[in-house]
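The structure appears below as structure tokens.
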Amino acid sequence: MATRAASEMLQAQNDSDLSPKNAETGNDSDLIVDQIEALKKEKAKYKEDLTAVNDKLIRAEDKIQRLLSASSDEFIVKNCGVLQLPSHITDEKITASSWSNNAFSPHHGRLFSSSRGGAWIPKTNKGAWIQVDLGRIEKIHGIATQGRHKFATQPPNTQPPNTHQRRSSSSNDEWWVTSYSVSYKTDNGGSFCNVEDVSGPSLTFKGNTDRNTVVLNKLPNPINARYVRINPLGFHHGRVALRFDLITC
């Protein structure tokens with residue numbers, strides 16, 4: 001009797017495995033496998049599409065750089081500068097080590113600016129710097145500079161440092177930066193790095209030779225930065241006076 005009962009229980013279990021309920025579960029598993037395979041194929045297609053888009057972007061960037069290389073400095077400065085319009089970089093994003101008075105505060109140091117004193121002029125030349133917070137990391141390709149605006153008339157409230165060079169009163173405001181270095185960083189808490197020559201030393205850029213001519217210096221390699229600082233090293237007639245812009249293409 002026990003053997004017969006066990007046999008009946010085994011048969012009942014086999015019948016249960018073949019019931020519609022379990023057959024449906026098997027169908028569900030097949031459906032899930034099909035869906036997974038379909039998603040894998042879709043993912044592979046997205047990767048192919050993304051690769052194609054990236055290739056197009058790289059080719060477009062290369063074409064832009066070739067066109068810019070063949071363009072005049074004036075075209076590059078006017079179309080790739082970020083400081084010329086206050087709507088791009090607001091005044092409070094431009095800071096400096098000091099300024100002679102409010103007529104020469106940092107935001108008057110925008111390229112082509114003719115406002116107030118016509119340039120950023122620090123209170124002291126030693127250790128002077130002017131800095132821009134771009135608000136996000138940008139790729140910087142170059143720096144453009146000018147001296148104090150030609151038609152600016154208001155003198156600073158401190159006299160230029162004494163020099164051995166005699167000069168007429170008409171040349172007292174003939175001020176511009178003749179050389180400078182560039183430092184940068186990517187975040188608020190980090191340390192500044194100097195833009196270096198390809199051989200390693202910190203690079204000194206040639207500045208201006210008059211008030212208004214724009215001098216464009218292209219960096220050896222573009223830098224990625226949020227904060228960019230211009231450090232004047234040499235200056236004309238005893239005083240730092242600077243208008244500048246960062247070139248982003």
Side-chain angles (χ1 to χ4, degrees), residues 46-47 49-97 106-113 119-120 128-146 177 179-208 213-233 242-249:
Y46 286 152
K47 284 185 176 180
D49 292 344
L50 184 59
T51 300
V53 169
N54 285 336
D55 289 343
K56 289 181 179 179
L57 288 173
I58 291 171
R59 288 196 296 270
E61 181 64 23
D62 288 342
K63 187 175 181 180
I64 288 171
Q65 292 307 316
R66 287 197 301 270
L67 289 171
L68 288 172
S69 296
S71 301
S72 67
D73 287 354
E74 181 182 4
F75 176 88
I76 293 172
V77 168
K78 288 186 176 180
N79 288 276
C80 298
V82 296
L83 301 185
Q84 295 164 48
L85 294 177
S87 58
H88 291 177
I89 302 295
T90 54
D91 289 347
E92 64 270 15
K93 297 292 185 181
I94 308 174
T95 56
S97 53
H107 68 271
H108 296 303
R110 298 176 188 270
L111 199 72
F112 300 120
S113 172
W120 163 66
W129 53 262
I130 187 168
Q131 174 181 308
V132 181
D133 175 4
L134 296 167
R136 63 182 183 181
I137 295 176
E138 298 272 8
K139 182 172 285 189
I140 309 300
H141 292 262
I143 310 292
T145 61
Q146 293 174 295
V177 170
S179 63
Y180 61 92
S181 65
V182 179
S183 51
Y184 65 97
K185 62 180 182 177
T186 57
D187 57 70
N188 190 36
S191 300
F192 279 94
C193 301
N194 292 325
V195 172
E196 297 179 341
D197 198 352
V198 290
S199 59
S202 179
L203 192 59
T204 297
F205 294 92
K206 185 177 180 180
N208 297 86
T213 301
V214 176
V215 173
L216 172 62
N217 281 300
K218 297 179 181 178
L219 304 183
N221 294 296
I223 59 172
N224 294 311
R226 174 176 171 178
Y227 299 90
V228 180
R229 181 177 287 187
I230 309 298
N231 310 290
L233 301 175
L242 181 67
R243 291 177 289 164
F244 77 107
D245 206 344
L246 309 179
I247 306 304
T248 58
C249 62

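Since the model is a prediction, treat every value here as computed from it, not as a measurement.
- For His141, the side chain to side chain donor-acceptor pair (under 3.5 Å) criterion is met by no residue, not counting sequence neighbours.
- In this structure, the side chain of Asn224 does not engage the main chain of Ile137 through any donor-acceptor pair within 3.5 Å.
- Applying the ring-ring contact (aromatic ring centres under 6.0 Å, His included) test to every pair with at least one member in residues 184-203, sequence neighbours left out, gives no pairs at all.
- Every residue two or more places apart in sequence or in another chain that forms a ring pair (Phe, Tyr, Trp, His ring centres under 6.0 Å) with Tyr180 is listed here: Phe205.
- Among Thr145, Ile230, Val215, Leu242, the one residue that satisfies the side chain to side chain contact (heavy atoms under 4.5 Å, CB included) test with Val177 is Leu242.
- Between Trp120 and Trp129, the shortest heavy-atom contact is CZ2-O, 3.4 Å.
- Not counting sequence neighbours, the partners of Ala144 by the side-chain contact (heavy atoms from CB on, under 4.5 Å) test are Val77, Leu111, Val214, Leu216, Ile247.
- Residues forming a side-chain contact (heavy atoms from CB on, under 4.5 Å) with Thr204 (at least two apart in sequence, or on another chain): Ser179, Leu233.
- Contacts of Pro86 classified as side-chain contact (heavy atoms from CB on, under 4.5 Å), with partners at least two apart in sequence or in another chain: Arg110.
- If you check the side chains of Asn231 and Ser183, you find a donor sitting under 3.5 Å from an acceptor.
- For the atom pair CG of Asn208 and CD of Gln146, the computed distance is 7.5 Å after rounding to the nearest 0.5 Å.
- Side-chain contact between Ile130 and Thr95: absent, with no pair of heavy atoms (C-beta onward) separated by less than 4.5 Å.
- Remark: Thr248 engages Val82, Ile140 in a side-chain contact (heavy atoms from CB on, under 4.5 Å) (not counting sequence neighbours).
- With sequence neighbours excluded, no residue forms a salt bridge (Lys or Arg N to Asp or Glu O under 4.0 Å) with Asp187.
- Val182 has its side chain within reach of Val228: a pair of non-hydrogen atoms, C-beta onward, lies under 4.5 Å apart.
- Minimum interatomic distance between Arg226 and Thr186 (heavy atoms only, all atoms of both residues): CB-O, 3.6 Å.
- Of all non-hydrogen atoms in Pro232 and Ala128, the two that sit nearest each other are CD-O, 3.2 Å.
- By the 4.5 Å heavy-atom criterion applied to side chains, Pro201 and Asn194 are not counted as neighbours.
- Taken to the nearest 0.5 Å, the CD1 atom of Ile89 stands 14.5 Å off from the NE2 atom of His107.
- Among pairs with a residue in residues 137-146, those fulfilling salt bridge (charged side-chain N to carboxylate O under 4.0 Å, His left out) read Arg136-Glu138, at least two apart in sequence or across chains.
- The main-chain N or O of Leu83 is found under 3.5 Å from a side-chain atom of Asp245 such that the two form a donor-acceptor pair.
- Applying the salt bridge (Lys or Arg N to Asp or Glu O under 4.0 Å) test to Lys93 and every residue at least two apart in sequence or in another chain returns Asp133.
- With sequence neighbours excluded, the residues satisfying salt bridge (Lys or Arg N to Asp or Glu O under 4.0 Å) with Glu74 are Lys78.
- Judged purely by atom type and a 3.5 angstrom limit, Arg243 uses its side chain to pair as donor or acceptor with the backbone of Ser113.
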Side-chain donor-acceptor pairs under 3.5 Å in residues 50-57, sequence neighbours left out?
residue, atom, partner, partner atom, Å
Thr51, OG1, Lys47, O, 2.9
Asn54, ND2, Leu50, O, 3.4

